[in-house]
Amino acid sequence: KAVVSTQSTGGFEDLMEELSVADHEEDVEEKEAEEKEEEESVENLLFHGHRSDLKWCMKDYRPPKYTYVRYRIPCAIREEVLQSNRVRRVISMLCKQTGRSQEQLDTEASAILEEMGHEFSMTILRCIGGLIRKIFKQIITEVTVHKEGIKELRRLSSQKPLLLIPTHRSYLDFILVTWLLYSYDIKTPVIAAGQDFMFMKGVGALLRRCGAYFIRRSFGKDKLYWALFTEYTQTHIINGDAPVEFFIEGTRSRTGKSLQPKFGMLTIALEPFFDARVSDVAICPITLSYEKTVEENLHVRELMGIPKPKESTTGLIKARAILDNNYGRIHVKAGKILSVYDMAVGKVDRKVRALVPRAVIPSVHPHERSFVNELAYKVLIEQQANAVVFPCSALAAVLLAHIKNKCWSVDICKAESELMWVCDLLIKLGCNLIWDKKQHSQIDHVVHMLAPVVSSDGGRVYVHKSPPTTDHLSSSVFRQCNSLISLGRRRNEFMHIVIHIAIIAKILFHPKSRDRTLNQYSRLRDILQYEFIFMPDSFQSDFDRNVQKLIELKLVSFSNNVYKFIDMKVKDFLVSLIDPFLVTYMDSWQFCISYMPRTLQHSQSLKSLCTRIQTYVSVLYCEPYLYGESINLNVIENSILVLAKLSLVSIDKGKSQVYCIDPFNFSNMIREFALTIRPITAKL
Amino acid sequence: MAGVAMPYLMQWFKDELGARVSEYSPPQPLDLSKIPSPVRNIEFMEAARPWCKVMTEDAEDRLMHGHGHLCEEIFMLRNNMYHDQRIPDLVVYPSSHEDVVQLVNLAVKYNVVLIPMGGGTSVSGALMCPKEETRTIVSLDMTEMNRIHWIDPENLMAHIEAGIIGQDLERRLEKEGYTTGHQPDSLEFSSLGGWVATRASGMKKNLYGNIEDMVVRIKMVTAKGTIEKSCQVPRISAGPDVHEFILGSEGTLGVITEVTLKVKQLPECTKYGSLIFPDFEKGIKFMQEVSRQKIYPASIRLMDNAQLRFGLALKPEKGLIERFTDHIKQMYITRLRGFNPAKIALCTAVFEGPTDRVNKEESDINRIAAEFGAIPAGEANGKNGYLLTFSIAYLRDLGMNYGFLAESFETSVPWDRVSDLIKNVKQRIIQVCKEQGIRDGVPPYGSARVTQCYDTGACCYFYFGFYAGDLPNPLEVYSILETSAREEVLANGGSVSHHHGIGKVRAQFLEDTISKAGKQALIAVKHGLDPQNIFGSGNLTGVVGPTGTLKSKL
C-alpha cells in the first residue's frame, strides 16, 4: 500500500510541474490537434484531450446516461441484489434443504456480495487514470483508436444497456477499455474480473473503485453464489448503471490466437433480454491489438508448463522493470455493435419465458443456448476481423521458416525483403497491417519489437536461445523452444486471416476435385476446431468464400472441376504456417494410441497426460527442434480435447479422468490424417 | 368539450412533437369519381328491398361503410386512396330482428356477402372488405335498430336492439333512472352490437364489469338460423356457453340483433380524484396494491409522464387567480416535495355509488397512495384526465393536419410484467422510428397508461405518433412500427389485445396466441355455421370458405 501511495505522490508532483509548463501552449496545440483529428479516422489516445495529465484527469466528464437508469450507489446495488426475487428464493430453498437459518444465509450472502461487489468511485478513477496515462506515455509509443466505432458506442450508450466484450491478451486490457471510455465521455464499465487480483493488497481495492467486481474462478454447485453473481451482473444490465464488461475468452490468451468462447457469462448477460426485462442489449466487441504484450515472457513459460506466479502486490512491484521497456504500439477498435434484438429475430421466442412468473427462477431454454453459442462465435469473429497486425508478426513467421531450415540467423537484407513479401501477401489477403511511419528504419524497429528473442547487429538478424533454467524439460530443449514458442505466439497473431486458405493450401498439395477438397477441408477444420475460431455450421460458405478469394488473387486455378494451387511460393509459405500444428497433433496422437489408458480405472488427468506427451515429444526429436508447437502444452491439450469432441476419448468434467474409448476408430483416423499431411509424415 | 378553447394545445404540439405550423396539410377534398363502381346483384336487391328501411348505392355511403378508425384507414380516406380498394357495393338499413332474418336468408339464397356494421369505430380493420371477394358485398348498417324494448326494474335488466349507439342508450336509460355503466372511449359513436362482437371493455368495468359480464342474453342471426337462449337467467350450466362464440366473433358468424343487458340504478354520487406519484414505477406498485386489497373504484388509471403532459395541454384557458393557485401547487410539488416534473405520474380515479361507500373508497385509496409517496392532486385533474380519452380521436385528426400519424393500442399483462412491458414497448417504438429514418429532431411520441386493474394483472394503453410528413412511404413505416410494437408486447408476456379485438391487423398473431388447434376450432365453427361464407369479412381467422360466385356454386 505504502509503495502505491509514494508512487502516486511522485506522479502528482510531476503532474503539477508539467501543468505549469504546459498551461500556455495548450490552447493552440489543442486547436491544431482538433483540426487534424477531423481528417483522420484514428487518433492517439495518449494525447487525447488535454495534454497535461492532471488536467486530463480533472476534465469535464459527462457521459450520456441510459434512459431508464435509476441512480444507485454501490451499496444500494448490493442491497437490491440481496432483496431480489432470485436470491430470496434460493435462500429460502437452502433453508429447507440444509436446515440452516435464514439469518445465517443472509449473512453469508452479504459477505459474498461484499467480496464480489465493486465500489465505483469517480474520484479514484480519475486519479488512477492520470497516473496510468503517465506510465503509458513512458512505455507505449502510441495508442491509436478507431474513432468511428467509439462514437457509435457513445451514441448508443443512452439508448440500450451495453455489453463490452474486449479481446483478452494482457492485464492492460482492463485498463485500456476504461481509459478509452473515460476519454470519449462514455460511462466507464463495471468489469467482471477473476478473483486473482482481489488478493493483491491495495491493488484489489483500487480496481474495485474503478468498477471491477470479482468472481471466484470456480463455484460449481454453490447455488447461493451462483444466484448472487447472476443477479449482480443482471441488475447492472437491467438498470443500466454502467456498461458491463467481460471477456468472452474467459482468460488471457497466452498463444496470441483467440481462445474458444465461454458461454456462461454471455448467457447470464443476455438473460435480461430473454426475460424481457430490457427490450434490447447492445454488444460491442472491442479488439485490442498489441505490438508487444507486457506479459509475453510469462506466457511463453506457461505454455511450456512453468506455472504462472500468483498475482501479488510485491510481484507487481518487482515487475516494475516493465517500465524500462518499450512496448510499441497498441491499436483499439470498437467493432460493429450487435443488437441482440435484431439477431434474435426468428431464433429466440421470448414468449416462452413470459409464461414463467418473475417470481420463479427461469431456466435457459435450448433455443436460447444455441443462440448464445452462435452469438459468442459471432463476437469472436468480429473481434478478429477488427484486429490489427503489426509487421513484427510477419517477421516472426519469416524467422520461423528459416529456423525450420536450421538457420538461426538471417542476412538482414534477405530478412527485410522476405518481410515485405509476407506483409504484401497478408495485405492482399485482407489483413489490416500497420507500419510505424515515424520510424526511420523499419527493419530495425521490427526487430526491436521481437527483442529480446531476436536482435540484429546491422548485418544479420539473430534468433537467440534463452538462458537455461531448471525444469522437467532438459535445458537445451527449453533454450531452443522458448524462442520458438515466443516467435510462434507472434505468428499466431495473424493466423486467423490465413487459416482457411492455409488449410486449403495444405490439401492442394496435389490438385484435387472440388468435392474432395471440400471434404478434406471440413475434416481438417473439425480437427483444428479447438485451435482456431471457426463459425459452427458454416464450413461450406467459408470454403466457397476463401476459394473464391484464392482464385481472384490468381493463387489457385479451377478447371475441369479441379483446384490447383499455382503459386508455389505462397503455397509453401502457407503450409509452413499450418504444419507445426498438424505435426504436433500427429505426434500427440501417436503417443496416445500407444500409451493412453483405455479404461476408466487406469484413466489419468488431462494435465498429466499432456505433460507426458510433452516429455515424449521432447526426446523424440534430436536437436535442433523444428517447431515450438511440439512442446506447447496448449496445442497438445487441444489435440486431446478434439479427440473427445470426435467421441474417441472420454474426458470428464473436471478433466481428471481421461481415457480412450474407441481405439479402433482412433487408429483409423490417425491413418487417414497421416495421408492428409503426407508430405510431412514421409519426412519423419 | 366543444367550444372550449384549449390555448395550451398548440404549444404542446410544437414543444413535444416539433410540429411546424408552416407544414399544415389539410385533408384532400373527397373525390368520389374514383370510387370503384358497385358489383350489382339485381335479384338480391329486388328481393331485399321490402326488408330494409333504406337501401343505397351512393358512393359516399358505400365509402363510409368500408372503413373504421384505424390510422391507416383515416390516412387513406384523407388522401383519396380508396380508388383501388374493395368497398361495400350496397348499404342496407334493416329496422328489426325480423328484417335481419329475411335479409340473411336472401343473402344465402343469392350468395351475397354481409358485413354487419354498427358505429364504425373499429380499430382493427374489421370493416375493410377482403380484396379477393368477387361477390356483392352488402354492408348491413344496424343503426336503425335502436329501440329499447323494455326495462325490467325488478330484475335490473333491459332488452335493447343492437344498433343503438352508446350515448343514446345511456341518455335514454338515464331518463328512466338507470345506466349500463359501460363506458368505452368510443361511447359517442360505438354501438351495442359492436361492443358484443368485439368483447368491449368500459372504463368503469370495476363496478359494472366488461361487456361479457353484462350480457344476459344475445340474439344472433346466422346463415343457419338464429342463435339464442330460451331463458334469461343469471347463470346456466348447459355445456360450453354459446354466448362465448358470439362475444368477440367480429361479424364472422352472424349479426347480433338484440341483447338483454344488466342495468344499474344511477349512482347516488360520482366523484373524481387524482394523485400525483413521484414516478411511474411507484404508481404501478400502488395500482397493484389497490388490486390486492380489492378496493376497486369504478375506474382507476395511471398515466405516465408523457401522457400527463399531453393531458395538461388540453386544459381550458384559465383566469388569473386559477393560474396563481396552479403556480403555488406546482411549487409545492416540485420544491417542497422534491418531485421531478419530468418524472411524475398521475393517477386518476372515478368513484361511484352510495355516498358513504364513495367516501370510504376514496379514503382507502388515499391511505394506500400515501404509503407510495403520492400527493392528492384534486378533482379537476381527475376529470381532466378522462377528457384526453374521449378527445384523442379528434386530436389525431388535428395532428394529421400537420403530418403526424398516430394510433393507440392496448394489451393486458400480469402485474409482474407491467412496468417492463411499458418500458420496453416505448423503447421499441423509439428504436424502430430511428431505424425508419423519421426526421431528426422530431422525437416519436410514445406514452402509456395503466387503464384497468384486475386481480392478476392490468390493461395497458399506449399512444404513439410520429412525424411522417417527409416520409416517402408513411403507411409502410406505420405498419412496420405497429407490428414491431405488437411483437414486443407479445414477447413481454402481453396479450394480442385487451378489448380492441383481432380484426385484420392483428390476425397474424392469432394462431400464436390461441394455438393451432385453438384456431382450428374457431374455423370449424365458422365452417359449420356459415359454409357459404356469407359473413365474409375475413376477420379473426382470415377468409374461411368461398369468396367468388363461381366457386360457391360448385
Side-chain angles (χ1 to χ4, degrees), chain A residues 65-72 80 84-86 88-89 152 155-161 234-235 237-240 270-282 337 339-362 365 367-368 371, chain B residues 278-282 284-285 288 304-306 340 342-343 411-435 440 443-444 446 448 456-457 460 462 480 483-496 509-515:
Chain A
K65 277 190 209 151
Y66 174 53
T67 323
Y68 297 99
V69 70
R70 275 178 299 119
Y71 176 75
R72 305 184 290 181
E80 275 183 33
S84 67
N85 264 333
R86 182 187 295 268
R88 291 332 304 165
R89 233 182 144 80
E152 178 70 4
R155 205 178 59 74
L156 279 179
S157 67
S158 66
Q159 297 169 17
K160 299 174 185 177
Q234 292 183 352
T235 192
I237 294 168
I238 294 166
N239 190 46
L270 293 189
E271 236 184 356
F273 170 76
F274 297 148
D275 239 348
R277 302 297 296 264
V278 293
S279 66
D280 195 0
V281 173
I337 294 172
S339 150
V340 174
Y341 174 87
D342 287 349
M343 282 187 303
V345 171
K347 288 178 184 155
V348 175
D349 184 5
R350 287 179 288 162
K351 281 201 293 298
V352 179
R353 283 211 185 207
L355 292 178
V356 182
R358 287 274 149 86
V360 175
I361 300 173
H365 291 261
H367 70 272
E368 292 165 352
F371 173 71
Chain B
D279 60 46
F280 195 55
E281 297 285 311
K282 286 231 172 57
I284 292 174
K285 286 267 178 295
Q288 191 174 359
D304 72 354
N305 195 268
N340 180 353
K343 281 197 169 165
T411 186
S412 49
V413 64
W415 278 116
D416 62 347
R417 289 175 186 270
V418 171
S419 91
D420 284 337
L421 179 134
I422 289 176
K423 182 184 84 174
N424 290 342
V425 170
K426 281 201 241 173
Q427 191 62 26
R428 174 66 35 218
I429 289 171
I430 292 171
Q431 197 60 40
V432 175
C433 281
K434 273 197 183 125
E435 283 162 16
D440 273 350
T456 61
C460 308
F462 293 86
I480 291 171
T483 306
S484 340
R486 181 59 61 185
E487 276 165 359
E488 190 66 33
V489 165
L490 296 178
N492 277 269
S495 62
V496 66
F509 303 111
L510 186 71
E511 186 172 308
D512 237 14
T513 303
I514 61 169
S515 78

**Student:** Looking only at heavy atoms, which two atoms of A:Ile238 and B:Lys423 are closest? And how far apart?
**Tutor:** O-NZ, 4.0 Å
**Student:** In Å, rounded to the nearest 0.5 Å, how long is the span from CG of B:Asp416 to CG of A:Asn85?
**Tutor:**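 Rounded to the nearest 0.5 Å, the CG-CG separation comes out at 8.5 Å.
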**Student:** Measuring from B:Asn424:CG to A:Tyr68:OH, what's the distance to the nearest 0.5 Å?
**Tutor:**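 Reported value, rounded in 0.5 Å steps: 8.0 Å.
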**Student:** Could you pull out the closest heavy-atom pair between A:Ala276 and B:Ala491, with the gap in Å?
**Tutor:** CB-O, 3.7 Å
**Student:** Taking side chain as everything from C-beta outward and backbone as N, CA, C, O, which of these in A:Val356 sits under 4.5 Å from a heavy atom of chain B? Side chain, backbone, both or neither.
**Tutor:** backbone
**Student:** In terms of heavy-atom pairs under 4.5 Å, which option from A:Lys351, A:Arg358, A:Arg350 contacts chain B the most?
**Tutor:**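 Most heavy-atom pairs under 4.5 Å with chain B: A:Arg358.
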**Student:** State the CG-CG distance between A:Asp275 and B:Asp420, to the nearest 0.5 angstrom.
**Tutor:** 8.5 Å
**Student:** How about NZ on B:Lys282, more than 12 heavy atoms from neighbouring residues, nucleotides or ligands closer than 6.0 Å, or not?
**Tutor:** no
**Student:** By a 4.5 Å heavy-atom criterion (distance strictly below it), what part of B:Gln431 contacts chain A: side chain, backbone, both, or neither?
**Tutor:** side chain
**Student:** Below 4.5 Å, heavy-atom pairs only: which of B:Glu281, B:Glu488, B:Lys426 has the largest tally toward chain A?
**Tutor:**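 The candidate making the most pairs under 4.5 Å is B:Glu488.
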**Student:** Using non-hydrogen atoms only, which part of A:Arg70 is less than 4.5 Å away from chain B: side chain, backbone, both, or neither?
**Tutor:** neither
**Student:** Can you measure from CG (B:Asn492) to CZ (A:Arg277) and round to the nearest 0.5 angstrom?
**Tutor:** 10.5 Å
**Student:** Could you check whether any side-chain N or O of B:Gln427 sits under 3.5 Å from a backbone N or O of A:Gln159, counting only pairs where one atom can act as donor and the other as acceptor?
**Tutor:**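 Indeed, once roles are kept as given, a pair shorter than 3.5 Å links the two residues.
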**Student:** Over all heavy atoms of both residues, which pair between A:Ala354 and B:Gly493 is shortest? Give the atoms and the distance, please.
**Tutor:** CB-CA, 3.3 Å
